[in-house]
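Note sheet for the following structure.
Everything quoted here is computed from the prediction, not taken from an experiment. Note that ligands are numbered from 1 as they come in the structure, with each ligand's atoms numbered from 1 the same way.
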Amino acid sequence: MSIDYGERIPNNVNLAEDRRLQRALESWQPGFLRWWGEMGPALPTQDVYLRTAVAVGREGWAHFDHVALPDYRWGIFLAERDPDRRIAFGQHRGQPVWQQVPGEFRAELQRLIVVQGDTEPASVEQQRRLGLTAPSLYDLRNLFQVNVEEGRHLWAMVYLLHAYFGRSGRDEADALLLRNSGSEDSPRILGAFNEETPDWLSFFMFTYFTDRDGKYQLGTLKESAFDPLSRTCEFMLKEEAHHMFVGTTGVDRVVERTATLMREHDSDDIQKYGGIPIDVIQKYINFHYSVSLDLFGGETSTNVANYYTAGLKGRWQEERRKDDHLLTEAATTVQQVVDGRLTDVRLPALTALNADLRGEYIADCATGLTRWNRILDGVATLYLPHVGFNRQVGAFAGHHVTPDGRLIDRATWELDRDRWLPTSADKAYVHGLMRPVYEPGKIAAWLAPPRNGINGRPLDYEYVHL
Ligand code: BYC
């Protein structure tokens, strides 16, 4: 399963044997490169110390070297095929997985792949200008690593659209390059991907909270009965782990610096010392977490019930679940607003699968809060707001819930929202700290240095040549 880098499009799917598909993808490639040039990283660089996949197996799948960004070899990499794999859930449970798309599920599968594909270039667009204010060469390199891999994840979805969905798949692949994050006329599909990522605190929060939605959604698509989608997602998840590392350690380092300044000056008011106050960090958590919760869709969804029953999208770690994997009789409890009160409601487990996945995600998010509170070591406490806080999608949309889970009226919300969400003054302060630090080994003063370099390299290594 090694990857053929001799081809114009590196791949491990024997693209050379399917001339039609190869030609179709080769004709999509210039549009992708044009999009990368126009919407990808705005900071000009000579080359960047990047990790590239060389094989998909457990050992040695990555290789590190300085690469000029436009020369990065975006390609198509699927995890190895398990010839005995069987469908783990839904009405086709126990049958062999599909190597082709069954006609009756074509539209739904294409929709899932398009939604997934749409998020990847969206994040590159959102992060386009961050290089101009990178807090170090180490961070700059990590940003570009994330960006090239999101570009590759777009390729992963485009391959599926071209290879399995005919004409409409090719049209959808073209449309993925035409929508743009935040565009008035043709925005990206999901809400969070039209928000701005204007500063590095937002970037670390995005890679912690929003990339983590990616981890969980890819985890459910990895369970899919459509084997090429499953194998694609399995490999994407390996790359995704680094994106969350960037988020986790990025917020670690901001919190560490804030805690140090709070201790040194025995004060919360650390703006005058160039740190990010703890209440601003909390507001950024509140914002990015709530926007990311919206990405799970509604708590009750016939879409997700249909996806599950059909075998298109499973649960997180489906095979570890100890039930019938059909869920036709099962029920679950989900909090909703009933008659103006937050109430636990019993729902069919099948239609509540978005809430099931969201629950897994929330538990994972909470591990970061434990980490950051350990770093703060009593000097302050950070928390995850209530699941109903600041929501635009699902049972809490249209209601106003405080971070500690009280339902309030609109007027109270308007009075207090500045205490919970970043204000324009908070954003302006954070923005003001964003000055580029491009000298090897140097780090901006608003965050602590990283613990280790990349791939065993020292911190003062020239990770990026400008
Ligand atoms: N914004 O039945 P409902 C990643 C739509 S992130 C706008 O409640 P459903 C990454 C929904 O599409 C992972 N619209 O929800 C991270 C539906 O519209 P239609 C991305 C929204 O369908 C960082 C209607 O509302 N992958 O990889 O069960 C960097 C009713 O929806 C939103 C996926 O999401 C929203 N937030 O679930 C880079 C996986 N939420 O169909 C990458 C694929 C819902 O009625 N997608 N809507 O017109 C899915 O599985 C599902 O589409 C969703 C929604 C989970 C998103």
Pick one: which of E125, Q126, E120 meets side chain to side chain contact (heavy atoms under 4.5 Å, CB included) with F193? Q126
Output yes when a side-chain donor or acceptor of W420 lies under 3.5 Å from a complementary backbone atom of N286, and no otherwise. no
Only one of I454, N147, L69 forms a side chain to side chain contact (heavy atoms under 4.5 Å, CB included) with L50, so which one is it? L69
Under a strict 4.0 Å criterion on non-hydrogen atoms, which protein residues are in contact with ligand 1? R111, L112, V115, Q116, T119, E120, S123, E150, I189, L190, G191, F193, F206, T210, D211, D213, G214, Q217, D294, L295, G297, G298, S301, N303, V304, K313, N354, V393
Given the options L327, T220, N303, Y308 meets side chain to side chain contact (heavy atoms under 4.5 Å, CB included) only with L327
For a quick check under 3.5 Å, do E149 and H243 share a side-chain donor-acceptor pair by atom type? yes
Is the NZ or CZ atom of R212 positioned over Y208's six-membered ring, under 6.0 angstrom from the centre and within 45° of the axis? yes
